[in-house]
Protein chains: 2
Amino acid sequence: MGLVRSLHHPAAETLELTGVLHALADPVRLEIVRELAAGGGCERRCNAFSLPVTKSTRTHHFRVLRESGVIEQRAEGTAVVNRLRRDELDARFPGLLDSVLGAG
Amino acid sequence: MGLVRSLHHPAAETLELTGVLHALADPVRLEIVRELAAGGGCERRCNAFSLPVTKSTRTHHFRVLRESGVIEQRAEGTAVVNRLRRDELDARFPGLLDSVLGAG
DNA sequence: CCGAAAGTACGACGATCATCGTACCAAACT
DNA sequence: AGTTTGGTACGATGATCGTCGTACTTTCGG
């Protein structure tokens, strides 16, 4: 078994609104998305986030974000780099990500 | 005890993003919001929604929407009329509601 | 080769959630 | 007064969720 079991990413057209909303409705995951967006489309390793949870929980949250289609994950050595799927998200739910990120 | 115990509505400035997102991240509640928005700001009684759940569950969902600040509820006789808090929502989270409603 | 680094897998725990049924209540109508 | 109407209150139940610890795996650097 590899570093990640399946690492499945949903296609852009099949993203579900409730799934995305649920993924964003958690403080830890919202922080991940914010930090990812602050980087301006650049990638970031799971380790490079300041989150008040343990490694296991971290893995859990990244998986929820990936399976809902918010982020893309790619293995790189022992690390996993994350990328915000901004374009796909914007295409499917125009304005949603911007409004969420813009909210104080 | 009146028709509704407290009927508390959060102030527009205290609305929490995660709370609103969580409220919208449910199919039944999303349908309520959609039907409410389709009316163009008009009010609607709890009874006047086509939802695949019982009365108790309906009450529960309307409460979640109210306590998160998405809707306003007002007693009118035996009925409760609901109104989408569009202006307050737009002021606090610009574009959020529109993007959610615009999503297919 | 050995150990450190970065995650994942798995199982567990308590908390929250969506749903329901039954009982209840208040207002309106007869 | 009785009945209907529209909704709430109060559990209860099963599912999902967020969190963690421990064990494991894989890759990379000495």
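Both backbone and side-chain heavy atoms feed into the values below; hydrogens, waters and symmetry mates do not. By convention in this document, chain letters (A, B, ...) are assigned in the order of the sequence lines, proteins followed by strands, and residues within each chain are numbered from 1.
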Which nucleotide in the list dT19(D), dA18(C), dG7(D) gets nearest to the side chain of V80(B)? dG7(D)
Sub-4.0 Å heavy-atom contacts from residues 17-29 of chain A onto DNA chain C, ordered by number: none
CZ of R74(A) versus P of dA6(C): gap in Å, rounded? 17 Å
Test ring pair (Phe, Tyr, Trp, His ring centres under 6.0 Å) applied to F93(A) - qualifying residues, sequence neighbours left out: none
Grab the CZ-P distance between R66(A) and dT8(C) for me, whole Å please. 8 Å
Tell me if the CD atom of E43(A) is crowded by more than 12 foreign heavy atoms within 6.0 Å. yes
For a quick check, tell me whether the side chain of T57(A) and the base of dG18(D) share a donor-acceptor pair closer than 3.5 Å. no
Rounded to the nearest Å, what distance is computed from the CD atom of residue E76(B) to the P atom of nucleotide dT8(D)? 14 Å
Think T59(A) has a side-chain N or O under 4.0 angstrom from the OP1 or OP2 of dG7(C)? no
For the pair made of CG in L7(B) and P in dA26(C), what is the distance, rounded to whole Å? 16 Å
Without decimals, in angstroms, what is the distance between K55(B) NZ and dC10(D) C1'? 14 Å
If the test is side-chain contact (heavy atoms from CB on, under 4.5 Å), which one of L30(B), L24(B), V33(B) qualifies with L101(B)? V33(B)
What about T78(A), does its side chain sit under 3.5 Å from the base of dG7(C) through a donor-acceptor pair? no
Can you tell whether the side chains of E76(B) and R45(B) come within less than 4.0 Å, N to carboxylate O? no
Salt-bridge present (E13(A), R92(A); N to O < 4.0 Å): no
Report the residue from R83(B), R66(B), H8(B) that forms a side chain to side chain donor-acceptor pair (under 3.5 Å) with Q73(B). R66(B)
Taking any heavy-atom pair under 4.0 Å as a contact, classify H60(A): base, sugar-phosphate, or nothing. base
Is R58(B) close enough and on-axis enough to F49(B), meaning under 6.0 Å and within 45°, for cation-pi? no
Which is it for L96(A) and L17(A) under the side-chain contact (heavy atoms from CB on, under 4.5 Å) test, yes or no, and what are the steps along the way? CA-CA 10 Å; L96(A) 178 59; L17(A) 178 59; 4.0 Å; yes
For DNA chain C, determine which residues of residues 37-52 of chain B have any heavy atom closer than 4.0 angstrom to one of its atoms, and list them numerically. none
Please report, rounded to the nearest Å, how far the C1' atom of dT8(C) is from the NE2 atom of H61(A). 15 Å
Atom pair distance, as rounded to whole Å: CG in L65(A) and C1' in dC17(D): 14 Å
Give a yes/no on whether any side-chain N or O of T54(B) is located under 4.0 angstrom from OP1 or OP2 of dC20(C). yes
Report yes if a side-chain nitrogen or oxygen of R58(B) is closer than 4.0 Å to either non-bridging phosphate oxygen (OP1 or OP2) of dG6(D); otherwise report no. no
Is it true that R85(B) and E72(B) have a side-chain N and a carboxylate O under 4.0 angstrom from each other? no
